[in-house]
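Taking it in order: structure first as structure tokens, then the write-up.
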Amino acid sequence: MDKGKMDENEWGYHGEGNKSLVVAHVQRCVVLRFLKFPPNRKKTSEEIFQHLQNIVDFSKNVMKEFLGENYVHCGEVVQLPLDFVKQLCLKIQSERPESRCDKDLDTLSGYALCLPNLARLQTYHFAEHRPILCVEIKPKCGFIPLSSDVTHEMKHKVCRYCMHQHLKVATGKWKQISKYCPLDLYSGNKQRMYFALKSLLQEAQNNLKIFKNGELIYGCKDARSPAADWSELAHHLKPFFFPSNGLASGPHCTRAVIRELVRVITRVLLSGSDKGWASAMKLGPGSRGPCVCEASPFRRSLRHQGRSSMERSGLPKGCLLYKTLQVQKLDLLDIEGLYPLYRRVERYLEEFPEQRKTLQIDGPYDEAFYQKLLDLSTEDDGTVAFALTKVQQYRVAMTAKDCSIMIALSPCLQDASSDQRPIVPSSRSRFAFSVSVLDLDLKPYESIPHQYKLDSKIVNYYSKTVHTTDAARAPTRFKESEDCTLVLHKV
């Protein structure tokens, strides 16, 4: 990339989150990621450079070690001409969702993060001529905490995602509750995984997006987007999964195409290698927790069928979902057990503020930082060192709970023998694929009090509304565990 010949017309709006905005090159398989800030909050160029460099270092020295080098793309910090950045900002402004325009693109420092375009197949610098399909999934937290520090019994039965759905709908964030439960996706059971992925396709929210040749064709652009149309999605996907076009149009065709998509995604998610520390991670028998969330609609559908238990499958240790789940489980104490340790660190910093740099709270995220994360002990010796280790592990776990998995698929050419990339079959075709992880910024130390308050708010709302309502209905029907006696009278 020649920084001296940057043309804003060669770049297009790709997407944005709460803290950054991404543009993609129209020909090369690269994106630029810019930081965003509220209008009244300015940072120096040095601060922005260090922020971006910390993102690179954390990806390279921590997440790549946990997940494996094939899945993590670190990128590099680049400095761009300010005139190019300003013109680019003007060019893309009209494409930004209104709900995201409360923050402005950083146009003053010139710094950005240059990364591969993960909506494309990896290993190629330039966009390929064959069509590319990319599915982005934000799977969220895949386990229920077993920590003895948990005070709300409900948290031992219902996962965080399912509880949070009720609060989000009540506050107007989303229109209806999703049937998706992360524990179903992380189960490794194909039937449960199919159900989870179909639920995401029905109610994508911000947990699923589908791109075709780099352009978003499916998924909510913002909270007010209407429910996406499956028949329109099937129209986009049909050439990928049924290239001979042998299917008739209509509901049957739509269901068949969606079914093929779900099967292929499931196969890709269950594939992988054993490289990466998380593959061999052992958190002990107490870390597993329940394999089923009581609020999962899949679990309820089993009850209706008269089945009381689910088949335990488990994820292959080499697959990315397994590795991601192990990193999530670095949250050993839950936020309820973690918050008092955070307060211990805070009291220490109030007394010795100059120690913040020594404690590596704001970086550098180097080999020494990574090594401290491997201490999985939970016996509190009362020291600041113990508290800090658990705080840093929690931050890394929260990062893994909020990351996105990018699955890029491209139909295999007739002669695919020279293609070195992995292949996944479908009913009528085969796909070369690549799997990557993005959104791997370390969660801020300062966000822990907010997480503590939010956790309490989510659980209290769920307990007072959903659980109370269910309990009120309970006397009108037999509970699963109750014995009943049938009494016959003479007529």
Side-chain angles (χ1 to χ4, degrees), residues 1-4 6 8 10-25 28-67 69 71-89 92 96 100 102-119 122 125 356-357 360-370 392 395-396 398-400 402-404 406 436-447:
M1 187 167 62
D2 186 352
K3 301 181 190 77
M6 298 295 288
E8 68 275 7
E10 294 179 351
W11 299 84
Y13 178 83
H14 188 69
E16 62 187 295
N18 187 41
K19 295 180 180 178
S20 59
L21 181 148
V22 177
V23 295
H25 197 276
R28 297 178 67 88
C29 284
V30 293
V31 298
L32 292 172
R33 178 182 166 191
F34 295 90
L35 295 179
K36 290 164 44 178
F37 301 103
N40 57 348
R41 186 181 170 194
K42 304 298 179 187
K43 283 200 171 190
T44 66
S45 295
E46 291 75 18
E47 287 175 319
I48 288 172
F49 171 80
Q50 193 55 58
H51 185 126
L52 291 170
Q53 190 59 51
N54 279 345
I55 292 173
V56 174
D57 292 343
F58 179 70
S59 292
K60 181 167 65 176
N61 298 320
V62 179
M63 298 312 290
K64 186 174 273 194
E65 290 295 319
F66 279 141
L67 302 176
E69 60 182 10
Y71 298 119
V72 180
H73 304 273
C74 306
E76 64 174 332
V77 183
V78 294
Q79 189 167 25
L80 305 164
L82 290 180
D83 190 51
F84 161 75
V85 178
K86 288 173 184 173
Q87 292 301 319
L88 179 65
C89 183
I92 64 172
R96 297 179 63 193
R100 293 294 189 185
D102 58 328
K103 293 182 181 178
D104 298 329
L105 187 76
D106 165 38
T107 57
L108 299 177
S109 74
Y111 288 112
L113 199 54
C114 183
L115 294 152
N117 186 344
L118 300 181
Q122 295 315 301
H125 295 296
R356 188 178 176 101
K357 186 173 182 179
Q360 290 185 275
I361 287 172
D362 308 307
Y365 305 122
D366 53 14
E367 173 69 15
F369 180 89
Y370 167 72
Q392 304 293 48
R395 293 173 67 194
V396 174
M398 291 300 290
T399 301
D402 206 36
C403 71
S404 293
M406 304 287 281
S436 310
V437 193
L438 88 165
D439 294 339
L440 289 177
D441 302 8
L442 180 61
K443 292 300 177 184
Y445 170 81
E446 287 77 15
S447 70

- Message: Between Gln50 and Asn54, do the side chains contain a donor N or O and an acceptor N or O under 3.5 Å apart?
- Response: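 Looking only at side-chain atoms, Gln50 and Asn54 do form a donor-acceptor pair, the distance falling under 3.5 Å.
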Side chain to side chain contact (heavy atoms under 4.5 Å, CB included) against [X], all qualifying residues, sequence neighbours excluded:
{"X": "Asn40", "result": "Pro38"}
{"X": "Leu82", "result": "none"}
{"X": "His25", "result": "Glu10, Trp11, Gln27, Arg28, Val30"}
{"X": "Phe49", "result": "Gln53, Val77, Tyr111"}

Nearest-0.5 Å distance, [atom1] of residue [X] to [atom2] of residue [Y]:
{"X": "Met63", "Y": "Ile55", "atom1": "CE", "atom2": "CD1", "answer": "13.5 Å"}
{"X": "Leu108", "Y": "Thr44", "atom1": "CG", "atom2": "OG1", "answer": "11.0 Å"}
{"X": "Leu21", "Y": "Asp106", "atom1": "CG", "atom2": "CG", "answer": "11.0 Å"}
{"X": "Met406", "Y": "His73", "atom1": "CE", "atom2": "NE2", "answer": "10.0 Å"}
{"X": "Lys19", "Y": "Asp439", "atom1": "NZ", "atom2": "CG", "answer": "11.0 Å"}
{"X": "Thr107", "Y": "Leu80", "atom1": "OG1", "atom2": "CG", "answer": "12.0 Å"}

Using a 3.5 Å distance criterion without hydrogens, assess whether the side chain of [X] forms a donor-acceptor pair with backbone atoms of [Y].
{"X": "Arg33", "Y": "Val22", "value": "no"}
{"X": "Lys103", "Y": "Asn18", "value": "yes"}
{"X": "Thr399", "Y": "Lys443", "value": "yes"}
{"X": "Asn61", "Y": "Asp57", "value": "yes"}
{"X": "Arg395", "Y": "Ile361", "value": "yes"}
{"X": "Lys36", "Y": "Gly17", "value": "yes"}

- Heavy-atom distance under 4.5 Å between the side chains of Phe66 and Val72, does that happen here?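 No; the side chains remain at least 4.5 Å from each other.
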- Query: Does a side-chain heavy-atom distance below 4.5 Å link Leu32 with Met6?
  - Reply: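 Touching, per the 4.5 Å side-chain cut-off.
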- Residues in ring-ring contact (aromatic ring centres under 6.0 Å, His included) contact with Tyr445, at least two apart in sequence or another chain: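 Once residues adjacent in sequence are excluded, the partners of Tyr445 under the ring-ring contact (aromatic ring centres under 6.0 Å, His included) criterion are Tyr342.
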- For His14, enumerate each residue passing the ring-ring contact (aromatic ring centres under 6.0 Å, His included) test, keeping only those at least two apart in sequence or located in another chain.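 Counting only residues at least two positions away or on another chain, His14 forms a ring-ring contact (aromatic ring centres under 6.0 Å, His included) with Phe211.
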On a heavy-atom basis, which atom in [X] and which in [Y] lie closest, and how many Å separate them?
{"X": "Phe369", "Y": "Pro364", "answer": "CB-O, 4.0 Å"}
{"X": "Arg96", "Y": "Tyr13", "answer": "CG-CE1, 3.7 Å"}
{"X": "Val31", "Y": "Pro116", "answer": "CG2-O, 4.0 Å"}
{"X": "Ile48", "Y": "Ser109", "answer": "CG2-OG, 3.6 Å"}

